[in-house]
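No hydrogens, no waters, no symmetry mates; every other heavy atom, side chains included, goes into these values. On a predicted model such as this, the values are computed, not experimentally measured, just so you know. Residue indices begin at 1 and follow the sequence shown.
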Amino acid sequence: MSKIIVRDVTGEHSYSLQGNVTVGRHPNSVICLHDPMVSKHHACIKHIGEHYIYEDLGSSNGSFLNGIRVTRHPFSDGDVITLGKVDLIFHAFSEDEKLASMVDISRLSQTSEVHDRIEVAGLEQFHAESEVADLSVLREDYEKLRLGSELMHTLGAHRELSKVLESTADELLRIFHADRCMIMLYHKGNDELVPKVVRTRLNSDDQLVVSGSILAEVQQSKLAVLLSDASQDARFSQASSLIMQGIKSVMCAPIIDGEELLGVVHLDSQKHGLSGFTRKDLQLLTGIVQYVAMAIANAHLLNKVEQEARSKAQFERLLSPSVVEQVMSGAVSLEKGGELRDVTILFADIRDFTRLSHNSEATRIVAMLNRYFEMVVDIVFKHGGTVDKFIGDEIMVLFGTPLAMEDAADRAVACGLEMQGSLKQFNIEQKKYEEDDIHIGVGVNSGEVVVGSIGSTRTMQYTCIGDAVNVASRLTSHAKLGEVIISNVTKKRLKRSFEYEALPPFSMKGIDGTTGAWFVKDVLDDTNS
């Protein structure tokens, strides 16, 4: 069930959304607010289909979403609407939260609900056809086996975990004529079982009450549990969660992959007759659940492989191949957060880009940039740099992270010189496309910065922040066509021989005083980077 969190001077208060909800200062309002800026009948939250709609009822001071006045707004998860000094925060339940709200795990003081702990090896075997006198029993057993076989073959066809679990729950209801089926899995990083699928034949909005004692038994023993007829078992008290729901029979089987307990499958029935589920049923359920465990493990593995492939593809765009392999192997971590690192930063910016883009069609400009960046990134990777980001026609490159480099400054300067040199051939190619020549300015600086994966849970970027970055960017702005400009800090770290000359001190925006810098003309030794 979705909810509204009211945040005011007194703190936060939560209101569940059921039907239409009135908001205002009037005492009869469902959400009664005590802010003088709020009208008596300020707004209404309507439940239409699967959506909640906020409607301002012509209030004097209005309702504001992100500072913009709104009269009608369909809520999305996380939306904040402000009324005076009060915030209304909309929270839409996730699928896990919806399922959790449907299930109540009853923890009883006594554990005698468990009728039998069943080991697979001790289960009753299906009899040979010649040993079965009752033809209806033979037909029923055959139909269960047929449906179970079909389900096990179907599981392998699903790639998504949700499809695996939904198909399993639907078919288990059909195979065992159960009234309810629930599949619970362990949430990653959590020791508690979380409902993932709930299916029922019953036309009821009541919560599905599950015996915590039975779940605990299955979790601890990793054995399937069978309760044939709860109502006939003298060991049950009238307070039993099963008796209260009229449950006659229960099967609960662990989902195990190797030694790891992934979750449980829970089936129960109110209308299964006197005998309820049988040991043969449990034997068949246990066999099916073994296939379910393999399907879940395969789905997890597939998801991991796909995630790694996406990550690798992303890293390959930003990091040199040798660094990508170390990141993927876990030797180098790009976890969210930051750390102080000493790095060298290079910026390369296309000069007079505004004129170039004004004189050409947008599609041709994009094509040109793609050709240019393709060449430049190859040079960056050759020298062991990491592409931090593309900023329009500018590229930012890091040396010394994520892998530390003793010769980061040398690599960066050599990279900048090769970028400049490569433009001669690039501009020859430009003629083939009837495009103007392009020229770049390069700035390089070194220093201590904060490096790490920064961003939200949905999008992360490996980058660095700090004064050293700002200086490198300002140096780039000062560089003329074809120049590589380096700071005094970077020059002091150079171990290779370069030809350079001092530039007159100059001022940089946002930096006090004047700055000394050097124009690097060429590399004087043939040492490989």
Side-chain angles (χ1 to χ4, degrees), residues 318 320 341-351 372-373 375-391 393-423 439-451 463-511 514-525 527-529:
L318 304 177
S320 62
R341 294 287 291 270
D342 198 286
V343 302
T344 296
I345 308 105
L346 176 151
F347 281 91
D349 179 59
I350 295 178
R351 292 293 180 258
Y372 162 72
F373 283 131
M375 174 192 71
V376 166
V377 170
D378 284 345
I379 295 171
V380 169
F381 288 170
K382 174 184 173 182
H383 292 273
T386 295
V387 177
D388 182 288
K389 61 174 69 72
F390 299 98
I391 313 166
D393 61 309
E394 186 176 51
I395 185 172
M396 175 180 169
V397 183
L398 308 178
F399 293 85
T401 185
L403 293 181
M405 296 175 178
E406 293 184 359
D407 57 348
D410 292 299
R411 288 173 179 266
V413 175
C415 179
L417 289 171
E418 187 169 346
M419 285 180 178
Q420 294 288 16
S422 67
L423 286 179
H439 302 279
I440 64 174
V442 177
V444 181
N445 183 43
S446 305
E448 196 171 65
V449 296
V450 177
V451 177
T463 188
C464 68
I465 54 177
D467 288 339
V469 179
N470 299 331
V471 171
S473 179
R474 301 288 188 271
L475 286 173
T476 308
S477 301
H478 192 78
K480 298 176 183 178
L481 303 183
E483 287 187 343
V484 175
I485 302 297
I486 67 173
S487 66
N488 282 327
V489 177
T490 298
K491 178 180 177 295
K492 291 177 181 178
R493 299 186 181 192
L494 294 177
K495 299 176 180 179
R496 297 178 61 183
S497 296
F498 293 91
E499 180 184 359
Y500 41 72
E501 65 179 51
L503 296 175
F506 57 91
S507 299
M508 290 194 291
K509 183 179 178 181
I511 298 176
T514 58
T515 301
W518 300 80
F519 163 39
V520 183
K521 297 180 178 180
D522 199 2
V523 59
L524 296 179
D525 61 57
T527 305
N528 292 325
S529 302

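The side-chain hydrogen bond (donor to acceptor under 3.5 Å, both in side chains) check on Glu406 picks up nothing, with sequence neighbours excluded. Listed by chain and number, the residues in a side-chain hydrogen bond (donor to acceptor under 3.5 Å, both in side chains) with Thr344 are Ser446 (sequence neighbours excluded). Residues that satisfy the ring-ring contact (aromatic ring centres under 6.0 Å, His included) test with His478, not counting sequence neighbours, are Phe506. Legend: residues meeting side chain to side chain contact (heavy atoms under 4.5 Å, CB included) with Phe519, ordered by chain and number and at least two apart, are Glu483, Ile485, Glu501, Leu503, Lys521. Checked against salt bridge (charged side-chain N to carboxylate O under 4.0 Å, His left out), Asp342 has the following partners two or more places apart in sequence or in another chain: Arg493. In this structure Asn488 satisfies the side-chain hydrogen bond (donor to acceptor under 3.5 Å, both in side chains) test together with Trp518, sequence neighbours excluded. Judged as a side chain to side chain contact (heavy atoms under 4.5 Å, CB included), and not counting sequence neighbours, the contacts of Ser422 are Met375, Ile379. Remark: Asp349 engages Arg351 in a salt bridge (charged side-chain N to carboxylate O under 4.0 Å, His left out) (not counting sequence neighbours). Asn470 is linked by a side-chain hydrogen bond (donor to acceptor under 3.5 Å, both in side chains) to nothing, counting only residues two or more places apart in sequence or in another chain.
The side chain to side chain contact (heavy atoms under 4.5 Å, CB included) with Val489 is formed by just one residue from the set Val444, Asn445, Val471; it is Asn445.
Nearest heavy-atom pair across Phe399 and Arg411 is CD2-CB, 3.8 Å. Closest approach of Leu475 and Ala517 over heavy atoms only: CD2-CB, 3.9 Å. Annotation for Val520 and Tyr500: closest pair CA-CB, 3.8 Å, computed over non-hydrogen atoms. Across Cys464 and Val451, no two heavy atoms sit closer than the pair CB-CG2, 3.6 Å. When all heavy atoms of Ile440 and Ala348 are compared, the pair lying nearest together is CD1-CB, 4.4 Å.
Between Val377 and Phe390 the shortest side-chain heavy-atom distance falls below 4.5 Å. Within the 4.5 Å cutoff, side-chain heavy atoms of Leu494 are placed close to those of Ile486. Side-chain atoms of Met419 and Val380, non-hydrogen and from C-beta on, do get closer than 4.5 Å to each other.
Atom CD1 of residue Ile395 and atom OG1 of residue Thr476 lie 11.5 Å apart, to the nearest 0.5 angstrom. Taken from CZ in Phe347 to CZ in Arg474, the straight-line distance is 9.5 Å, to the nearest 0.5 Å. The distance from atom CG of Leu417 to atom CG of Asp522, rounded to the nearest 0.5 Å, is 6.5 Å. Here the CG atom belonging to Leu346 is positioned 5.5 Å from the SG atom belonging to Cys415, to the nearest 0.5 angstrom. Here Glu448 contributes atom CD and Asp467 contributes atom CG; the two are 11.0 Å apart, rounded to the nearest 0.5 Å. Here the CG-CG distance, from Leu403 to Leu398, works out to 12.0 Å after rounding to the nearest 0.5 Å.
A donor-acceptor pair under 3.5 Å is absent between the side-chain atoms of Ser473 and the main chain of Val469, judged by distance alone. Checking side-chain atoms of Asp410 against main-chain N and O of Arg496 turns up a donor-acceptor pair under 3.5 Å. Within the 3.5 Å criterion, the main-chain N or O of Met396 finds no donor-acceptor partner in the side chain of Asp388.
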